[in-house]
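Worksheet: one structure, shown below.
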Protein chains: 2
Amino acid sequence: MKHERSKRFHKMAKITDIAKRAGVSIATVSRVINHSGNVKKSTKEKVLKAIKELSYTPNFPARYLKTKRTLTIGMVVPDITNPFFPMVFRGAESVVKQENYTIILCNTFEDEYEEMRYLSILEAKKVDGILLIKAPARSGNEQYMQKLKNLSIPIVYLDRLPKLQDIPAVVADNVGGGYAATSHLLKLGHKRIAIITVHYPLTVHRERLQGYVKALREHDIPISRLYIKKGASTIEEAISLAPSLLNMKNRPTAIFVTNHKMTIGLMRALEMAGLQCPEDISVVGYDDFDWENVFHPRLTVVAQPTYQLGQAAAGLLIEILRDRTDSMHHKIVMLSTELKIRESCGIYRQNKLRKP
Amino acid sequence: MKHERSKRFHKMAKITDIAKRAGVSIATVSRVINHSGNVKKSTKEKVLKAIKELSYTPNFPARYLKTKRTLTIGMVVPDITNPFFPMVFRGAESVVKQENYTIILCNTFEDEYEEMRYLSILEAKKVDGILLIKAPARSGNEQYMQKLKNLSIPIVYLDRLPKLQDIPAVVADNVGGGYAATSHLLKLGHKRIAIITVHYPLTVHRERLQGYVKALREHDIPISRLYIKKGASTIEEAISLAPSLLNMKNRPTAIFVTNHKMTIGLMRALEMAGLQCPEDISVVGYDDFDWENVFHPRLTVVAQPTYQLGQAAAGLLIEILRDRTDSMHHKIVMLSTELKIRESCGIYRQNKLRKP
DNA sequence: CCATTTTATGGAAACGTTTAATCCTTTAAG
DNA sequence: CTTAAAGGATTAAACGTTTCCATAAAATGG
């Protein structure tokens with residue numbers, strides 16, 4: 001018995017069926033579908049009628065062969081489970097849907113090889129463009145850079161920049177974010193401010209650290225290596241990293257965490273160490289979500305323009321696709337972040353921490 | 001000036017190029033690519049060499065024309081921003097990727113028309129199958145049911161069931177969830193237990209309510225309409241719904257919220273009313289996420305097998321696609337939920353609420 | 001009313017594959 | 001050594017569109 005679709009799935013009408021039923025040529029049918037060329041009102045109606053009667057829809061993959069457009073774009077993200085990304089997805093979707101694009105979503109889990117695999121697939125599937133939130137670069141993965149460079153599809157980088165700079169991208173102002181967070185703590189009187197950040201070679205975290213350093217410098221506070229902790233961006237990692245900070249003789253009075261998952265890990269570690277926030281130690285985290293303004297302690301965080309990142313990146317990509325050109329080649333747009341001040345930072349004065 | 005891709009995007013090699021370079025026919029090239037038919041070792045090597053040299057990848061849309069498979073599936077969800085869905089997405093992705101499928105993700109925002117629009121697009125794009133978390137049915141939208149029934153693509157329903165029952169689906173045990181949550185409260189001594197749930201005509205919420213009713217019945221506690229609040233599944237809605245419960249003469253001592261967003265809204269409402277949880281009132285919520293075990297009050301929730309839902313649904317779909325048949329037509333698989341007991345429920349005894 | 005332009009249609013090629021049908025070589029069997 | 005079977009490769013026909021080119025019909029201008 002040959003494999004075949006059961007009767008439930010009747011074969012779809014194709015353009016020749018429409019042509020036959022309407023008594024015209026397929027060229028004419030095509031013309032009414034695509035609103036291209038002239039076609040007499042009466043025949044147009046005949047065709048439209050046939051289309052409705054057979055509930056015909058054009059076959060996209062077939063159409064691609066001539067048009068070279070799939071009306072599909074690819075979006076590759078590290079992990080859609082990190083609530084940062086769904087928001088940028090929605091931003092992107094909201095703009096591409098206007099132009100009838102559809103998005104293939106790919107999770108790379110911060111793995112460059114997985115990313116390469118997906119990029120290859122997207123290329124084979126002939127997506128019109130790609131929104132790429134890249135995985136951290138493995139040292140010396142020349143093959144990867146080569147692949148990116150030779151990709152036959154327009155890319156817009158999102159959130160994270162690759163080494164090569166001559167590409168269109170939209171990113172958040174990370175040094176601004178790190179600076180704002182640290183400045184806030186400084187303003188509250190903190191002097192021993194630690195940072196927990198990510199060890200991946202990602203622009204994002206390097207820049208947030210940069211902002212932190214900049215703020216401290218401005219206040220003539222020496223940077224101590226002991227106050228800078230780096231690790232993988234996971235809850236567990238933060239939990240295992242935190243004690244080295246919490247058990248110091250000169251324990252920091254405030255900690256800035258540059259990443260959402262690690263923020264959760266840190267809070268867990270504080271509990272485990274029996275430390276109250278903000279009474280015993282202040283925390284500012286990264287990324288802002290619904291629940292953060294409800295549950296305790298209410299975190300002071302630097303909020304990123306997630307939705308707008310998605311929108312902007314998608315907009316840029318659409319532009320590039322519209323007039324298939326590299327004119328926007330070097331365009332990098334940067335969106336600013338916002339410090340949301342809530343209750344996780346106390347005032348530090350003469351060796352005591354107080355609620356503000 | 002004609003629109004055309006800039007030089008940066010060189011045209012891709014096609015199968016004829018490979019054939020020419022390897023000095024064989026395109027049929028042979030196709031055979032080595034697809035491992036179909038016999039081909040001599042030496043020619044195979046020649047072909048492989050040519051493929052590598054020109055870095056050729058088969059053109060999927062073109063290939064579809066003959067194979068009738070796009071290796072793409074569609075997944076339509078209400079809102080990827082609700083952290084429940086990213087988890088099921090990942091579950092689904094983890095299994096379909098094994099078979100080289102890729103997922104088009106569509107947000108419907110609980111809107112049936114938007115869903116119809118997306119289903120039409122997915123059909124036109126010839127995805128091989130669809131994972132559908134449907135939007136709530138608008139009353140009397142006959143057109144929609146018609147569309148679903150006539151869809152030319154295999155569907156697996158996820159999480160939510162449609163009216164017509166003869167379809168493959170995977171869902172969570174919602175009455176079990178509602179029952180477990182309510183029973184837990186009952187066991188703690190609560191008698192005045194309210195429920196906040198969603199007014200959409202969705203099986204999911206109806207069933208959770210069912211579980212709630214069942215548990216109360218078993219304890220011979222009369223069901224009061226006043227303790228049952230329904231509304232849209234948003235934070236704001238819960239905030240505006242809550243006071244009618246909180247300000248009653250006979251205020252409930254516990255509230256069961258059947259939905260994640262509304263849980264957040266309720267907690268906000270409690271704060272606004274100056275009520276402590278669990279001291280003044282107990283809460284059990286729905287859906288479990290990282291932060292819920294860290295921030296306060298730590299919510300007791302019924303956790304759904306999100307990842308597994310995605311896995312199971314994708315697995316079922318793959319099976320259906322493998323032998324293109326409707327054999328699994330009636331298969332409905334149900335996964336069980338788990339009550340995660342934490343700190344948001346106090347013991348109720350003789351008119352006082354205490355921590356357990 | 002003729003010449004010319006515009007509008008309306010159809011025929012057929014092309015897009016990049018897979019795959020049946022076919023043909024030519026080997027190889028193995030008797 | 002002859003013949004049949006198996007193996008290896010090719011030719012050509014699809015798949016469902018769009019679009020160029022050609023042609024027919026209608027509209028326009030003088």
With sequence neighbours excluded, residues passing side chain to side chain contact (heavy atoms under 4.5 Å, CB included) with [X]:
X       : value
S120(B) : K147(B)
L65(A)  : A62(B), L65(B)
A135(B) : T108(B), E115(B)
S25(B)  : A27(B), T28(B)

Self-check item: salt bridge (Lys or Arg N to Asp or Glu O under 4.0 Å) partners for D17(B), two or more places apart
Solution: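 Partners of D17(B) by the salt bridge (Lys or Arg N to Asp or Glu O under 4.0 Å) criterion come out as none, since no residue qualifies.
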Please table the atom pairs, donor to acceptor, closer than 3.5 Å between any side-chain atom in residues 95-106 of chain A and protein atoms at least two apart or in another chain.
residue, atom, partner, partner atom, Å
K97(A), NZ, E114(B), OE2, 2.8
Y101(A), OH, R69(A), NH1, 3.0

Quiz item: Listed by chain and number, what are the side-chain hydrogen bond (donor to acceptor under 3.5 Å, both in side chains) partners of Y56(A), not counting sequence neighbours?
Solution: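 Listed in chain order: nothing, the list is empty.
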Quiz prompt | Test side-chain hydrogen bond (donor to acceptor under 3.5 Å, both in side chains) applied to T16(B) - qualifying residues, sequence neighbours left out | solution =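 Scan of T16(B) (side-chain hydrogen bond (donor to acceptor under 3.5 Å, both in side chains), adjacent residues dropped) gives none.
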Quiz item: Can you give one letter per nucleotide of nucleotides 22-28 of chain D, going 5' to 3': B for a protein heavy atom under 4.0 Å from the base, S for sugar-phosphate only, - for none?
Solution: -------
Practice problem: Taking T72(B) for its side chain and T70(B) for its backbone only, find out whether a donor-acceptor pair lies under 3.5 Å. | Solution: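 Here the side-chain-to-backbone pair exists.
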Practice problem: Please collect all salt bridge (charged side-chain N to carboxylate O under 4.0 Å, His left out) contacts where either partner lies in residues 42-64 of chain B, sequence neighbours excluded, each pair once. | Solution: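 The answer is R21(B)-E53(B), K49(B)-E53(B).
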Quiz prompt | Degree of bending in the helix from dC1(C)-dG30(D) to dG30(C)-dC1(D) once both end axes are built from five pairs, to 10° | solution = 30°
Self-check item: DNA chain D contacts made by residues 12-35 of chain A, counting heavy atoms under 4.0 Å
Solution: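 Correct list: K14(A), I15(A), I26(A), A27(A), S30(A), N34(A).
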